[in-house]
2 protein chains.
Amino acid sequence: MNLQQLHHFVALADTRSFSRASEVVHVTQSALSRSIQMLEQELGMPLVDRIGKSNELTPLGTQVLARARHIVQEAAELRRAATLMAGGAAGTIALGMGSAPGALFAAPLMTHLLRSHPQVQLRLLGGAPELQIAQLRARQADGLVITYRALPPVDDLQFEVLPALRSGFVCRTRHPLAQRPRLRFEDLRAYPLVCTQVSDDAARTLIERYGERAHPQPWIQAASEDVGALLRTVAATDAVFLGVVAAARAQLAEGGLHELMPTPDAKLQAQFAFVTLKGRAESPALQVVRDFCRSLVRDALAGQIPPP
Amino acid sequence: MNLQQLHHFVALADTRSFSRASEVVHVTQSALSRSIQMLEQELGMPLVDRIGKSNELTPLGTQVLARARHIVQEAAELRRAATLMAGGAAGTIALGMGSAPGALFAAPLMTHLLRSHPQVQLRLLGGAPELQIAQLRARQADGLVITYRALPPVDDLQFEVLPALRSGFVCRTRHPLAQRPRLRFEDLRAYPLVCTQVSDDAARTLIERYGERAHPQPWIQAASEDVGALLRTVAATDAVFLGVVAAARAQLAEGGLHELMPTPDAKLQAQFAFVTLKGRAESPALQVVRDFCRSLVRDALAGQIPPP
DNA sequence: GAGGGTTACGCATCTCGTAAGGATG
DNA sequence: CATCCTTACGAGATGCGTAACCCTC
């Protein structure tokens, strides 16, 4: 007994004719006849009474038909679901996301999936990097988008490093410092700072470059994961935003915001990585996510105002 | 995609090992490996991540597993149900039964099925012979057990004539006529008659043999399909039972009842037939029914007191 | 090197399409 | 005689087991 035979039988029952059924399932009438015969032989009883024109199901045939129809239908659904998933058009993916990349990726990613892949369900997981890696190993997460430095050099993970994005300071165009030709760090330090969580690594870089006064801890006036809120705050006050410059791309382009470039250059970089478990097959939907994140970074880089 | 592959995959998912799964489904490990590969190829994605020891399902694999398990299970049920039906151990049969044969067969048949084939559901249909034949043609009945003469000589029906059973008169042992050496019909006629419905044919035979006075119509005191009740009545009164002698076999054997044989012999016969639709496959459960009816008639004949 | 999965090869079986052979109306 | 189903036959596809190979522990 195989799915083919069941499919043939269902067609036969539907058409009540070997020849018409054979057209439906695209085999010769002879092949269909044998297929049914084999099925009958295996089940031990005829399923149809062959009567000239309009064959009739036997009692057994009637019983078998209901089950066969069900099985054939479920097989078709399995095929369909698998094809959808394999094509990345459907599926559920759990994505661990660090707070820094989340600030840049989360909203655009969700928007993109809702628009272009409505069948894909996305669940974003937060938490500390170690926790997220544990979730990845436990397969509670399909992949992570996380700050590259936060990752220990283990070999059961597969890293796909995204291009580094420049971080920097952003203020509103009407900010007192906005028109200043040569900007010193001390000038900047006079204004309150708003940003997402600053990593230890980034804090170290700031201190190395600008001295102890650059330590973000006492400097930060407001911190939030909501980059949009931060930028709106900056647009309305004299606070300065510190973070991935590309996140403010739109406002920078339309002139509402302005990037401050103190001398010397901070040369801050945000480098994100896409992390999966080595040796595991990737959900196609996850590939969609990864591709989108990559293209987002690429676009950010392309539109990024180059350092002086 | 075929049932074999799905079965293999379920085993693989259950054992998390190609080699152990191959033992479960009784193929070599190599064959199972290829089977899974073919399935993965068709679905377009890996279903399991091969990791040294304890393989893991991919996200797609997890989805597919649930559906595959369902399909495999239903296929097994189909096979099981078909085998049961083909073996006659299960199924539902609708059996048209004439009142005369019903009087003899109904109770023993139901008893037999309940005891020996509890999975077989029996539905007995009554009604006029023409109606029953119509039901048979409409496949509302799987078969008929009916008085042979009641049947028109049509060629879309398949008759299986059962051996003729002798009909005759039965009274209680203590009946005034019981010890009478030579019995005339007129003696018999003096006592009330109880019987099941007497067919026109039987009535004609009686009249031909014994004259107009033998017409059953004015003679019958009580008529019922319940042969048991008729016989109990006869055992308690001086009424005489007319019908298939074999129906009273037990009581005749144990001495409670007595067969009356008037001179000349009535030579009444009840001939039943098992009728099915020509060219239609027979429900195996129906064969059980037919076999039982045949054996019942055979036993009745074997135990039948031969005519003098 | 031992265990577990994959690949190569030869063989048996299956299934198909073509074509011829009944049956039925 | 036309339609419909079955049977015969040869070709190609499929699936299997054996055995060799590969990878990881």
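Numbers restart at 1 for each chain; the letters A, B, ... are given by sequence-line order, proteins then strands.
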Rounding to a whole Å, what distance do you find between A:F18:CZ and C:dT24:C1'? 15 Å
When all nucleic acid strands are considered with a 4.0 Å heavy-atom cut-off, which category describes A:S35: base, sugar-phosphate, or nothing? nothing
Atom-to-atom span, CD of B:Q41 to P of D:dT14 - whole angstrom: 10 Å
Starting at CG of B:L6 and ending at C1' of D:dG15, how long is that distance when rounded to a whole Å? 16 Å
On DNA chain C, nearest-nucleotide positions of A:L32 versus B:L12: which is more 5'? B:L12
Would you mind reading off the distance between A:N55 atom CG and C:dT24 atom P, rounded to a whole angstrom? 13 Å
Are B:K278 and B:D155 ion-paired here, with the side-chain N under 4.0 Å from a carboxylate O? no
At under 4.0 Å between heavy atoms, what does B:Q29 touch on the DNA or RNA strands: base, sugar-phosphate, or nothing? base
Establish, with yes or no, whether the OP1 or OP2 oxygen of D:dT7 is under 4.0 angstrom from a side-chain nitrogen or oxygen of A:S33. no
Identify, between A:R34 and A:I51, the residue whose nearest nucleotide on DNA chain D lies closer to the 5' end. A:I51
Could you check whether A:S19 and A:E23, counting side-chain N and O atoms only, form a donor-acceptor pair closer than 3.5 Å? no
Examine C:dT7: is either OP1 or OP2 under 4.0 Å from a nitrogen or oxygen in the side chain of B:S30? Give yes or no. no
Does the distance from a Lys or Arg side-chain N to an Asp or Glu carboxylate O, for B:R79 and A:E42, drop under 4.0 Å? yes
For B:M38 and C:dT7, what is the distance between atoms CE and C1' respectively, to the nearest whole Å? 11 Å
Just the rounded figure in Å: distance from C1' of C:dG17 to NE2 of A:H8. 13 Å
Donor on one side chain, acceptor on other, B:S33 and B:Q29, under 3.5 Å: no
I want to check one thing: is the phosphate of C:dT15, taken as OP1 and OP2, less than 4.0 Å away from some side-chain N or O of A:N2? yes
Which is true for A:T28 with a 4.0 Å heavy-atom rule: it touches a base, it touches only sugar-phosphate, or it touches nothing? base
Interatomic distance, B:E56 CD vs C:dG4 C1' [rounded to whole Å]: 16 Å
When rounded to whole Å, the CZ to P distance for the pair B:R50 and C:dG4 reads 16 Å
Sub-4.5 Å side-chain heavy-atom contact between A:Q158 and A:R280: no
Below 4.0 Å: OP1/OP2 of C:dT7 and any side-chain N or O of B:Q37: yes
